[in-house]
Amino acid sequence: IERTLSIIKPDATRRNLTGKINAKFEDAGLRIVAQKRIHLSLAQAGKFYEVHKDRPFYGELCEFMASEPVVVQVLEGEGAIAKNREVMGATNPANADEGTIRKEFALSVGENSVHGSDAPETAAQEIAFFFSGLEITG
Ligand code: GTP
Ligand code: MG
């Protein structure tokens, strides 16, 4: 059974959308097996998004992620990584399918409400970045 790392981003926590977003995950058959609300420092956001450090939006992205609290969570299910990305929708909400989280809630390509791991290796890395084994219970 697969696990993926999900982040409910500051634009969504600010608008009190955590429950509505979690309902989308649960309706899709994803189980929330770990979850906590944290406020990332700029340095922590920078470390998490290090893969994007050469992209033009890196500074803006890190400042946004550190601007207000986020909810980090581990989602579990059959094909959880792909399923979560399906439920999230395209990075840019203008291109996201009907019914997806980003179509319904995202404000822009930057303030796009959720993050989801994109592959098994990154999922394992990203889960370990935020959670110890003790904090995850299937
Ligand atoms: P994540 O699940 O957050 O990784 O999204 P993604 O995999 O759909 O997108 P990608 O990894 O390409 O980009 C990571 C994040 O950077 C996106 O979710 C956006 O928040 C942000 N981002 C991507 N493109 C832009 C952009 O053109 N401008 C800004 N401000 N942010 C961007
Ligand atoms: Mg990505």
Side-chain angles (χ1 to χ4, degrees):
I1 198 94
E2 197 170 72
R3 287 175 174 173
T4 190
L5 190 277
S6 165
I7 306 178
I8 302 179
K9 295 185 178 183
D11 67 282
T13 60
R14 182 192 344 126
R15 288 176 291 149
N16 225 16
L17 294 171
T18 299
K20 287 197 172 99
I21 289 172
N22 278 347
K24 294 268 195 199
F25 295 142
E26 295 187 335
D27 287 349
L30 292 164
R31 302 182 69 82
I32 302 163
V33 296
Q35 175 167 258
K36 59 189 172 190
R37 181 177 164 98
I38 58 175
H39 194 151
L40 289 170
S41 68
L42 191 56
Q44 289 167 333
K47 185 143 197 260
F48 180 76
Y49 276 118
E50 206 158 28
V51 288
H52 295 314
K53 69 178 185 314
D54 295 327
R55 300 236 234 154
F57 55 80
Y58 178 67
E60 196 183 324
L61 172 62
C62 295
E63 276 174 26
F64 166 60
M65 292 300 288
S67 66
E68 284 180 87
V70 297
V71 173
V72 294
Q73 46 195 190
V74 179
L75 307 180
E76 184 180 88
E78 293 295 337
I81 295 167
K83 186 176 282 182
N84 180 40
R85 291 185 70 84
E86 212 176 286
V87 174
M88 286 165 50
T91 308
N92 186 341
N95 305 326
D97 289 340
E98 258 347 290
T100 62
I101 291 168
R102 284 167 168 166
K103 175 71 178 188
E104 269 182 49
F105 303 122
L107 300 175
S108 65
V109 66
E111 301 203 8
N112 61 359
S113 302
V114 281
H115 163 84
S117 308
D118 56 16
E121 304 72 45
T122 49
Q125 271 171 26
E126 291 178 1
I127 289 169
F129 185 87
F130 288 111
F131 293 98
S132 76
L134 279 175
E135 293 177 301
I136 308 169
T137 170

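Remember, it's 1-based here, ligands and their atoms both numbered in the order they're listed.
Note on ligand 1: Phe64 sits outside its first shell, no heavy atom being nearer than 4.0 Å. A heavy-atom separation below 4.0 Å is found between Val109 and ligand 1. Remark: distances from the non-hydrogen atoms of Glu111 to ligand 1 are all 4.0 Å or more. The closest approach between any non-hydrogen atom of Arg102 and ligand 1 is below 4.0 Å.
Proximity to Gly110 (heavy-atom distance under 4.0 Å) selects the following atoms of ligand 1: 20 (O), 29 (C), 30 (N), 31 (N). Those atoms of ligand 1 that come under 4.0 Å of a heavy atom in Glu60, given as number and element, are 30 (N).
Of the protein's non-hydrogen atoms, Arg55 NH2, 3.9 Å is the one closest to atom 10 (P) of ligand 1. At the shortest separation from atom 22 (N) of ligand 1 among protein heavy atoms lies Phe57 CE1, 3.5 Å. Among protein heavy atoms, the minimum distance from atom 11 (O) of ligand 1 is reached at His52 NE2, 3.2 Å. Closest to atom 6 (P) of ligand 1 among all protein heavy atoms lies Thr91 OG1, 3.4 Å.
A salt bridge is defined here as a Lys NZ or Arg NE, NH1 or NH2 lying under 4.0 Å from an Asp or Glu carboxylate O, and Lys24 with Glu104 meets this definition.
Taking Arg55 as the reference, His52, Phe57 meet the side chain to side chain contact (heavy atoms under 4.5 Å, CB included) condition, with sequence neighbours excluded. Residues satisfying the ring pair (Phe, Tyr, Trp, His ring centres under 6.0 Å) criterion with Phe105, sequence neighbours excluded, are absent altogether.
At a heavy-atom cutoff of 4.0 Å, ligand 1 is contacted by both the backbone and the side chain of His115.
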